[in-house]
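Notes follow once the structure below has been shown.
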Amino acid sequence: MAPENHITETAAAGSANFLRNIIQDDLASGKHASIVTRFPPEPNGYLHIGHAKSICLNFGLARDFGGECHLRLDDTNPAREDQEYIDSIKGSVRWLGFDWGEHLHHASDYFPQLYQWAEELVGKGVAYVDDLTAEEMRAYRGTLTEAGKESPYRNRSVEENLELFRRMRAGDFPDGSRVLRAKIDMASPNMNLRDPVMYRIVHEPHPHTGDAWCIYPMYDYAHGQSDSIEGITHSICTLEFEDHRPLYDWFLDQLCVYHPRQYEFARLNLTYTVMSKRKLLQLVRDGDVTGWDDPRMPTLDGLRRRGYTPDSIRAFCEQIGVGRNGSWIEMSVLEECVRSDLNVAAPRAMAVLRPLRLIVENYPEELAEEFSAANHPQRPELGVRSIPFCRELYMERDDFMEVPVKGFKRLAPGSEVRLRYAFIIRCTGVEKDESGVVTAVRCSYDRETLTGGPAADRKVKGVIHWVSARHGIQADVRLYDRLITVSNPSGDDWKSLLNPDSTEFLTGAVMEPSLAAARPEERFQFERQGYFCVDGKDSLPGKPVFNRTVTLRDSWAK
RNA sequence: UGGGGUGUAGCCAAGCGGUAAGGCAAUGGACUCUGACUCCAUCAUCCCUAGGUUCGAAUCCUAGCACCCCAGCCA
């Protein structure tokens with residue numbers, strides 16, 4: 001079979017999108033023998049689910065077409081970047097399941113080359129040192145509908161520009177006093193071409209180059225050339241950089257170096273949350289969340305702590321597709337991705353979140369039995385575990401209604417229900433406190449109805465989970481809800497849309513004893529309730545804290 | 001009112017002149033010791049609008065309309 005066919009077949013594994021089509025054409029036409037992509041985050045924040053879309057796209061394309069994908073830290077602005085972010089970015093990409101192999105790069109690796117090229121452009125007379133202040137420069141830039149004015153420093157001689165640029169680099173000038181600009185066209189309808197800044201002076205230590213530099217390249221000057229140096233074939237970025245493409249092309253053409261092509265796709269928007277690093281940083285700084293890895297955050301570290309699996313996030317990125325339409329993906333798509341992953345992967349367990357005492361009147365006081373429960377109803381190979389049972393149990397408060405509403409299939413006075421993996425019980429009465437609140441439910445059980453027993457097949461309308469009061473363990477459970485109250489938050493007042501009830505911490509939950517051994521990041525389905533993950537940060541040995549990843553679908557709740 | 005983009009179901013999204021894939025959501029039903037899972041069925045005479053070309057248009061042409069992005073020494 002021809003290699004082309006092999007490539008086509010492999011590529012068919014991913015769902016169709018315009019970038020795959022472009023790459024297929026480029027490979028078929030021989031424009032490229034193989035492809036090189038890159039994921040180029042700026043280390044000024046933690047990666048979020050939107051970055052995951054880009055990571056899966058770039059690494060996925062490389063994987064499917066037999067190419068390579070580089071991880072490049074776009075570290076051109078030491079004023080905002082930090083080693084903490086570099087570490088978290090690398091961890092997140094690896095956690096998601098991608099490997100950059102030998103190709104971990106930093107834009108700062110190219111500072112010497114970038115500087116040399118800048119001198120070359122000065123020598124060609126297409127770059128100049130400008131002394132205008134930032135405010136003046138803004139005024140000279142013009143507006144969307146009016147052309148800008150040329151700076152009075154625009155026509156300095158090559159010699160003077162070279163001398164000044166070298167002195168900028170040598171540290172002779174304070175921050176903000178001068179910049180190096182490309183000499184393009186102050187009247188361009190594309191604002192990016194109105195003599196964009198190439199270098200600015202920043203006396204600030206850099207996490208990767210230390211104090212070797214006090215001038216730093218701007219994104220537009222650094223990015224395309226970095227792509228060129230690395231031999232990137234398809235430089236994929238988000239839509240807002242579309243206007244920058246002429247500038248990307250301009251630098252590469254002026255320099256006469258290898259010229260990668262830039263393609264843009266629509267960034268991800270997810271309903272009921274915010275996605276920009278700026279806003280996420282604000283939530284962290286203002287203490288609205290506990291950190292970048294707060295389980296409510298759409299960051300990869302947040303989703304991880306919440307219990308999302310790398311597989312589920314990759315499946316999500318595959319499902320949402322890649323296009324050029326500004327789109328909002330409904331949170332339910334993401335939730336469905338974890339559910340379907342965890343439904344297969346997560347062992348089941350019983351936990352009572354809001355306990356209500358359940359007394360089995362005709363069960364002997366001193367007796368205790370162990371019943372066998374499947375760890376996964378559809379996967380017998382996952383085995384069974386035993387669950388202790390005794391006269392006094394806990395049931396879920398929501399599973400009892402003194403005056404049941406129509407359609408209620410759980411326990412109510414006089415009604416019957418099955419205790420999962422145990423007996424069928426009938427409610428015989430309730431106990432209440434002075435204010436009328438039910439404090440305990442009383443019932444009787446029928447021994448014949450034990451799972452596997454002679455009357456086990458008797459039909460009852462409902463099955464409820466339970467935990468032995470004598471054997472159950474206590475554990476903290478944290479329930480999370482959407483961060484933002486409206487589906488499509490926008491504008492400056494987004495902070496007023498924060499959901500005040502996005503966390504609910506439960507301290508009285510009771511669980512089957514096997515859960516005491518749960519390890520950090522271990523995931524379970526608490527039957528009839530949802531998927532839960534042992535918090536990787538706040539759990540102690542033998543004392544797990546459970547985060548609710550997502551509820552089970554509940555067709556009754558509606 | 002300058003430039004660059006985008007318009008296919010509630011939300012995404014294939015489609016590239018031959019008669020509207022798929023996923024999520026929703027609805028109805030089957031099954032069930034999780035009101036879960038699974039399964040089955042329904043869900044665009046129509047592709048922003050209006051004209052035009054064509055035997056034939058979501059796909060080509062023309063004119064509109066709507067929405068998004070751009071005036072950091074951020075990326």
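Letters A, B, ... mirror the listed sequences (proteins, then strands); counts begin at 1. These numbers come from the heavy atoms of this one structure, side chains and all, not from hydrogens, waters or symmetry mates.
Mapped onto RNA chain B by nearest heavy atom, A:Ala422 and A:Gly323 fall at different nucleotides, with A:Gly323 at the one closer to the 5' end. Residues A:Ser327 and A:Thr145 each lie close to RNA chain B; by heavy-atom proximity, the contact nearer the 5' end of the strand is made by A:Thr145.
With hydrogens and angles ignored, a donor-acceptor pair closer than 3.5 Å exists between the side chain of A:Glu330 and the base of B:rG10. In the interface, the side chain of A:Arg138 is not paired with the base of B:rG72 through any donor and acceptor atom under 3.5 Å apart. For A:His465 and B:rA36, a side-chain-to-base donor-acceptor distance below 3.5 Å is absent, hydrogens and geometry of angles not being considered. No donor-acceptor contact under 3.5 Å links the side chain of A:Asn190 to the base of B:rG4. Counting distance only, with no hydrogens placed and no angle test, the side-chain atoms of A:Gln525 and the base atoms of B:rU34 include a donor-acceptor pair under 3.5 Å.
The nucleotide whose nearest atom lies closest to any side-chain atom of A:Met191 is, among B:rG23, B:rA71, B:rA75, B:rA71. Ranking B:rU34, B:rG35, B:rC70 by closeness to the A:Arg420 side chain, first place goes to B:rU34. If you check B:rG72, B:rU34, B:rG15 against the side chain of A:Met218, the one that comes closest is B:rG72. Of the candidates B:rC73, B:rG15, B:rC24, B:rG15 carries the atom nearest the A:Ala16 side chain, counting heavy atoms from C-beta on. The nucleotide whose nearest atom lies closest to any side-chain atom of A:Arg528 is, among B:rA36, B:rU34, B:rG7, B:rU34. Relative to the side chain of A:Asn325, the nucleotides B:rG4, B:rU6, B:rA75 differ in distance, and B:rU6 lies closest. Among the nucleotides B:rC74, B:rU6, B:rG2, the one closest to any side-chain atom of A:Asn77 is B:rC74. Distances from the side chain of A:Phe408 to the nucleotides B:rG35, B:rC73, B:rA13 place B:rG35 closest. Distance from the side chain of A:Glu42 is smallest to B:rA75 among B:rG10, B:rA75, B:rG15. Considering only side-chain atoms of A:Pro189, the nucleotide from B:rC24, B:rC74, B:rG2 that sits closest is B:rG2.
With C1' as the reference atom, B:rC47 and B:rG15 are 10 Å apart, rounded to whole Å. To the nearest whole angstrom, the two C1' atoms, one in B:rA21 and one in B:rC16, are 15 Å apart.
Between A:Phe546 and A:Phe524, the ring-plane angle classifies as perpendicular under the 30° and 60° cut-offs.
As judged by a 4.0 angstrom heavy-atom cut-off over every strand, A:Val322 is placed among residues touching the sugar-phosphate backbone only. Contacts of A:Glu242 with the nucleic acid, taken as non-hydrogen atoms under 4.0 Å apart, involve only primed sugar atoms and P, OP1 or OP2. No engagement by A:Gly453 is indicated, since no non-hydrogen atom pair under 4.0 Å with the nucleic acid exists.
Note on A:Thr76: every side-chain N or O is 4.0 Å or more away from OP1 and OP2 of B:rC74. Between A:Arg418 and the phosphate of B:rG35, there is no side-chain N or O to OP1/OP2 separation shorter than 4.0 Å. Contact check, A:Asn269 against B:rC11: no side-chain N or O comes under 4.0 Å of OP1 or OP2. Considering only side-chain N and O atoms, A:Arg141 lies under 4.0 angstrom from the phosphate OP1 or OP2 of B:rC73.
A:Tyr140 and A:Arg138 form no side-chain donor-acceptor contact under 3.5 Å, judged by distance and modelled atom types alone. Side chain to side chain, A:Asp220 and A:His244 meet the donor-acceptor criterion of an N or O pair below 3.5 Å. No side-chain donor from either of A:Asn488 and A:Tyr272 sits under 3.5 Å from a side-chain acceptor of the other.
A:Arg169 forms a cation-pi arrangement with A:Trp213, by the criterion of a distance under 6.0 Å to the ring centre and an angle within 45° of the ring axis.
In a base pair of the Watson-Crick type (N1 to N3 plus N6-O4 or O6-N4) or a G-U wobble (N1-O2 and O6-N3), with each distance short of 3.5 Å, B:rA30 is matched with B:rU38. A 3.5 Å limit on both hydrogen-bonding distances identifies no Watson-Crick or G-U partner for B:rA21.
Of all heavy-atom pairs between A:Ala346 and A:Arg523, the closest is CB-O, 4.1 Å.
Judged by centroid separation below 5.5 Å and plane tilt below 30°, A:Tyr219 does not stack onto the base of B:rA75.
Between A:Phe165 and A:Tyr115, the ring centre distance stays below 6.0 Å.
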